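Keep in mind that the numbers below use all heavy atoms, side chains included, and drop hydrogens, waters and symmetry copies. Since this is a predicted model, take the numbers as computed values, not measurements.
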Amino acid sequence: MLRFLGLAVSAVIGGVCVVVLFVVVLLASFGAVLTGSGGPAGGGSVITGASASDTQIATSAQVLEERVYGLMSNEYSISHDPIMQSVYQFWVDSCGFNGVICDVAVSGNLQCVEFVTGAFYLSGMRLPYVGDAITFWPNYAHQPGWVRIATTNGYPQPGDMVIWQGGHFGHIAIVMEVEKPTSGHAGFVTVAQGNGQGNRWDAAHLQNPGNWYTMPLHQDGTLETWPGYQVLGYIRHQGA
């Protein structure tokens, strides 16, 4: 999942505003009904752009999650789907070369970082830094308009990026929903992701679209997640 670094990022043109507006309108009617094993891995140049609200980011991530499928949520189809067609073209422009999509965004090999860039694209925003998943944590420490929250320093909120340590490249996802823990009862965090096994569906339906991942959230901020992985914290957009 190592992303090709140093590729020039092209401007995304034609239909971007229409797609983003369509996503926002579509999600205005969404009612998110969110309900582990198999660890992920993450990899992914510098892209910048406009602002987006936490709600837009979270709901755009859900829109994309509903369109990826497979055991590791790394497959998709662009046939008869204008949203995925637009995201696909974004990946061609942002990480591809000579009009050919990069390997880490190809259906069947979609990586967690590219999923996140696609979700932010749908929200109308482009990230100021993109690299391997684990490198987001140090590289957003001093990014204007962004703040890091370690798991020991606070709970996440929808729209946050979640960073895992584990494997060679770590993992990254976007928070969709949070229920904070109460006295004697754990809460939960539900994320949208690519190239990670979710737990929304039972064993017979694991390859279905929309298999997001829910983790128990304890009062001390720790999260129960895949063996060999640990959530470092959250990266939150606060506006420039």
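Under the salt bridge (Lys or Arg N to Asp or Glu O under 4.0 Å) criterion, Asp81 pairs with Arg67, sequence neighbours left out. The side-chain contact (heavy atoms from CB on, under 4.5 Å) test applied to Pro209 returns Tyr69, not counting sequence neighbours. For Tyr140, the ring pair (Phe, Tyr, Trp, His ring centres under 6.0 Å) partners two or more places apart in sequence, or in a different chain, are Phe136, Trp146. Taking the side-chain contact (heavy atoms from CB on, under 4.5 Å) definition, one finds that Asn208 meets it with Trp201, His205, sequence neighbours left out. Asp160 meets the side-chain contact (heavy atoms from CB on, under 4.5 Å) test with Pro156, Gln157, Val175, Tyr234, Arg236; sequence neighbours excluded.
For the residue pair Pro138 and Thr135, the shortest heavy atom distance occurs at CD-O, 3.3 Å. What you find for Phe120 and Ile174 is that their closest heavy atoms are CE1-CD1, 3.8 Å. Closest non-hydrogen pair, Asp54 versus His237, comes out as OD1-O, 3.8 Å. Between Gly159 and Ala58, the shortest heavy-atom contact is N-CB, 3.6 Å. Residues Cys95 and Ala105 come closest through the heavy atom pair SG-CB, 4.3 Å.
Looking only at distances, no side-chain donor or acceptor of Asp132 sits under 3.5 Å from a matching main-chain atom of Ile134. Without hydrogens or angle criteria, Thr59 side chain to Thr55 main chain gives a donor-acceptor distance under 3.5 Å. Judged purely by atom type and a 3.5 angstrom limit, Gln56 uses its side chain to pair as donor or acceptor with the backbone of Ser53.
Counting heavy atoms from C-beta on, the side chains of Ser94 and Arg126 come closer than 4.5 Å. Looking at heavy atoms from C-beta onward, Asn74 lies out of side-chain contact with Gln111 at the 4.5 angstrom threshold. Between Ile172 and Trp164, the closest side-chain pair of non-hydrogen atoms is not below 4.5 Å.
Looking at Ser123 and Ser60, their side chains never bring a donor and an acceptor atom within 3.5 Å of each other. Gln143 and Asn139 share no donor-acceptor pair across their side chains, judged by distance under 3.5 Å alone. For the residue pair Tyr213 / Thr225, a side-chain donor-acceptor distance below 3.5 Å is found, with atom types taken as modelled. No hydrogens or angles considered: a donor-acceptor pair under 3.5 Å links the side chains of Glu224 and His218.
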Derivation and outcome, side-chain contact (heavy atoms from CB on, under 4.5 Å), residues Gln197 and Leu206: CA-CA 8 Å; Gln197 188 171 324; Leu206 288 178; 4.0 Å; yes
Where do Gln165 and His171 land on the side-chain hydrogen bond (donor to acceptor under 3.5 Å, both in side chains) test, with the steps shown first? CA-CA 7 Å; Gln165 178 177 280; His171 187 60; over 6 Å; no
Pair Trp212-Val191, side-chain contact (heavy atoms from CB on, under 4.5 Å): steps then yes or no: CA-CA 6 Å; Trp212 43 71; Val191 301; over 6 Å; no
Evaluate Val130 against Val113 for side-chain contact (heavy atoms from CB on, under 4.5 Å), listing each step before the verdict. CA-CA 8 Å; Val130 177; Val113 168; 3.5 Å; yes
Could you walk me through whether Val189 and Tyr155 pass the side-chain contact (heavy atoms from CB on, under 4.5 Å) test, one step at a time? CA-CA 9 Å; Val189 177; Tyr155 297 138; over 6 Å; no
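Using a cut-off of 4.0 Å between Lys/Arg side-chain N and Asp/Glu carboxylate O, Arg200 and Glu177 are scored as not salt-bridged.
Taking CG of Leu110 as the start and OH of Tyr88 as the end, the distance is 12.0 Å to the nearest 0.5 Å. For the atom pair OG1 (Thr190) and CG (Asn199), the distance works out to 8.0 Å, reported to the nearest 0.5 Å. For the atom pair CG (Asn109) and CE (Met72), the distance works out to 11.0 Å, reported to the nearest 0.5 Å. Note that the CE atom of Met215 and the CG atom of Leu223 stand 5.0 Å from one another [nearest 0.5 Å]. Note that the CE atom of Met176 and the CD atom of Gln193 stand 10.5 Å from one another [nearest 0.5 Å]. Rounding to the nearest 0.5 angstrom, the gap separating the CG atom in Asn195 from the CZ atom in Phe169 is 11.5 Å.
No continuous path of hydrophobic side-chain contacts links Leu71 to Phe115 [ILVMFWY only; heavy atoms under 4.5 Å]. Put simply, Val92 and Leu122 are part of the same group of oily side chains (I, L, V, M, F, W, Y) that touch within less than 4.5 Å, one to the next.
Ring centers of Tyr76 and Trp91: under 6.0 Å apart, within the cut-off.
For residues 139-156, there are no salt bridge (Lys or Arg N to Asp or Glu O under 4.0 Å) pairs, not counting sequence neighbours.
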